There are 2 protein chains.
Amino acid sequence: MTPRKRVETMEENRARLITAARRAFAEKGYANASMDDLTAAAGLTRGALYHSFGDKRGLLAAVVNQIDEEMAARAQAIGDRIDDEWEALMAVGAAYIELALEPEIQRIVLLDGPAFLGDPLQWPSQNSCLQSTQTSVRRMVAQGVMAPVDPEAAARLMNGAALNAALWVAASDDPQAVLQRAIDAFRLLSRGLLARPG
Amino acid sequence: MTPRKRVETMEENRARLITAARRAFAEKGYANASMDDLTAAAGLTRGALYHSFGDKRGLLAAVVNQIDEEMAARAQAIGDRIDDEWEALMAVGAAYIELALEPEIQRIVLLDGPAFLGDPLQWPSQNSCLQSTQTSVRRMVAQGVMAPVDPEAAARLMNGAALNAALWVAASDDPQAVLQRAIDAFRLLSRGLLARPG
DNA sequence: CAACCCACATACGATTCGTATGCGAAAGGA
DNA sequence: TCCTTTCGCATACGAATCGTATGTGGGTTG
């Protein structure tokens, strides 16, 4: 059975709504984005939106999901290029801080996401970044590279530190300079998790 | 000159509105809290609210301010009881994680605050917790206890780690057990900032 | 070809916010 | 003492927005 044309256009409209929502949420924030304007910009009406996403939160969830997957892919690509696993983790952390500099990610994923969807780890997307960090930590603990630390806790704290660093950098007057300070502090802090931090 | 009675009652009404707002924001979240219900619960109307706080965001700012000061006082009290400054900082970090377990603090200060008011460090209250952490770090760097790290960056990252740990703990099924794991990981992580972490 | 289904549009009611205006009580001067 | 002004707050109004309930047209199925 070949997919019907109706289905194809529906997927298309879903994608167009998500794209329009990314723009609107990033610019005005979730709370101040009008769904009438949003859907009109996509050439549709609220009818399509409620049919595809249930409600406004459903649309936000879909948007966060999409961005989250993109973030995971980009971070993964950076980590894969480095052989030493610890250095790879540090690079991913730095990359994560830089990622959060993008207004879209900051506004939607870091601010509105937790506020309106709740704890990121319980999102369907499972916050992919955190997930990969956790498995990486688990491996290094097994290898004795890292001290015997709870992998989930370590991943949580490192991500939290990076996240907050990103908010700090983004709000500063001189992002480039502050970015370097943040990354340096991140490396120093992470050192504590090594088996032989000296 | 004695204060006029009108002023006294006005301060009283301000306080009553803030108290009602704390309850409403904590229970329903900032976005879903109705100002009509809010003010009615305080025995007033929206007129008083707009007169005292300008708009809804102004009320949120006042609420966040009040809670933030309470948090700083409680953390300070814990840190003051410990002589060794490093151990005091660790204790404050742990206390901060525990503080964030309270739904009121979590919902209002950690989720809605950043989402609707922007970066915490630029709030009028200046996020007192972070401020004291920063000065503490500065002293220890000068004493050679801590490695030569940027005090602002270190304070930012430590607070971020603690904040995220708290969100994690609060969302978990067994908060007490997870709390211990979070605090242990926090201490291990922070070790990296010491001059001699071995 | 007729009945049906589905994706989406339209119409409507219910909240909620911000502002503009009204009112009563206290303060101050003649 | 009386009149006027000020101030804190209530009331009234308009605008915006969300969710639901209903309508509709093109494609599908029997």
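Quick caveat, the model's predicted, so the values are computed rather than measured. Values reported hereafter were calculated over all heavy atoms of this structure, with side chains retained and with hydrogens, waters and symmetry mates removed. Chain letters run A, B, ... following the sequence lines, proteins first and then strands; every chain starts at 1.
In this structure, B:Ala33 reaches the sugar-phosphate backbone alone: every heavy-atom distance under 4.0 Å involves primed, P, OP1 or OP2 atoms, never a base. Contacts of B:Ser34 with the nucleic acid, taken as non-hydrogen atoms under 4.0 Å apart, involve only primed sugar atoms and P, OP1 or OP2.
Taking atom CG of residue B:Leu49 and atom P of nucleotide D:dG8, one finds them 15 Å apart after rounding to whole Å. Distance CE (B:Met10) to P (D:dA10): 13 Å, rounded to an integer number of Å. Rounding to whole angstrom units, CG of residue B:Leu60 and P of C:dC17 are separated by 13 Å. Protein atom NE2 of B:His51 is 4 Å distant from nucleotide atom P of D:dG8, rounded to whole Å. Counting to the nearest Å, the C1' atom of D:dC7 and the CZ atom of B:Arg14 are 16 Å from each other. In this structure, A:Leu38 places its CG atom 11 Å from P of D:dT17, rounding to the nearest Å. Here C:dC6 presents its C1' atom at 14 Å from CD of A:Glu11, a figure rounded to the nearest Å. A straight line from CZ of B:Phe53 to C1' of D:dG8 spans 13 Å, rounded to a whole angstrom.
Salt-bridge annotation for A:Arg74 and A:Glu69: absent, with no side-chain N of the basic residue lying under 4.0 Å from a carboxylate O of the acidic one. With respect to the salt-bridge test (charged N to carboxylate O, under 4.0 angstrom), the residues A:Arg16 and A:Glu11 do not qualify. With respect to A:Glu152 and B:Arg181, a salt bridge is recorded, a charged nitrogen being found less than 4.0 Å from a carboxylate O.
Each of B:Val137, B:Asp84, B:Leu194 was evaluated against B:Val145; a single residue qualifies, B:Leu194, per the side-chain contact (heavy atoms from CB on, under 4.5 Å) test.
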Using atom names, set out every protein N or O paired with an N or O of nucleotides 18-20 of chain C below 3.5 Å, distance rounded to 0.1 Å.
from	atom 1	to	atom 2	distance (Å)
C:dG18	OP2	B:Tyr50	OH	2.2
C:dG18	O5'	B:Tyr50	OH	3.4
C:dG18	N7	B:Arg46	NH2	2.8
C:dG18	O6	B:Arg46	NH2	2.4

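Judged by distance alone, the side chains of A:Gln134 and A:Arg156 never bring a donor and an acceptor atom under 3.5 Å apart.
Between the side chain of B:Lys56 and the backbone N or O of B:Tyr30, at least one donor-acceptor pair lies under 3.5 Å.
In terms of phosphate contacts, A:Asn13 brings a side-chain nitrogen or oxygen within less than 4.0 Å of OP1 or OP2 of C:dC8.
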> Passes side-chain contact (heavy atoms from CB on, under 4.5 Å), B:Phe25 versus B:Arg107? Steps please.
Replying inline: CA-CA 8 Å; B:Phe25 291 165; B:Arg107 175 85 242 179; 5.9 Å; no

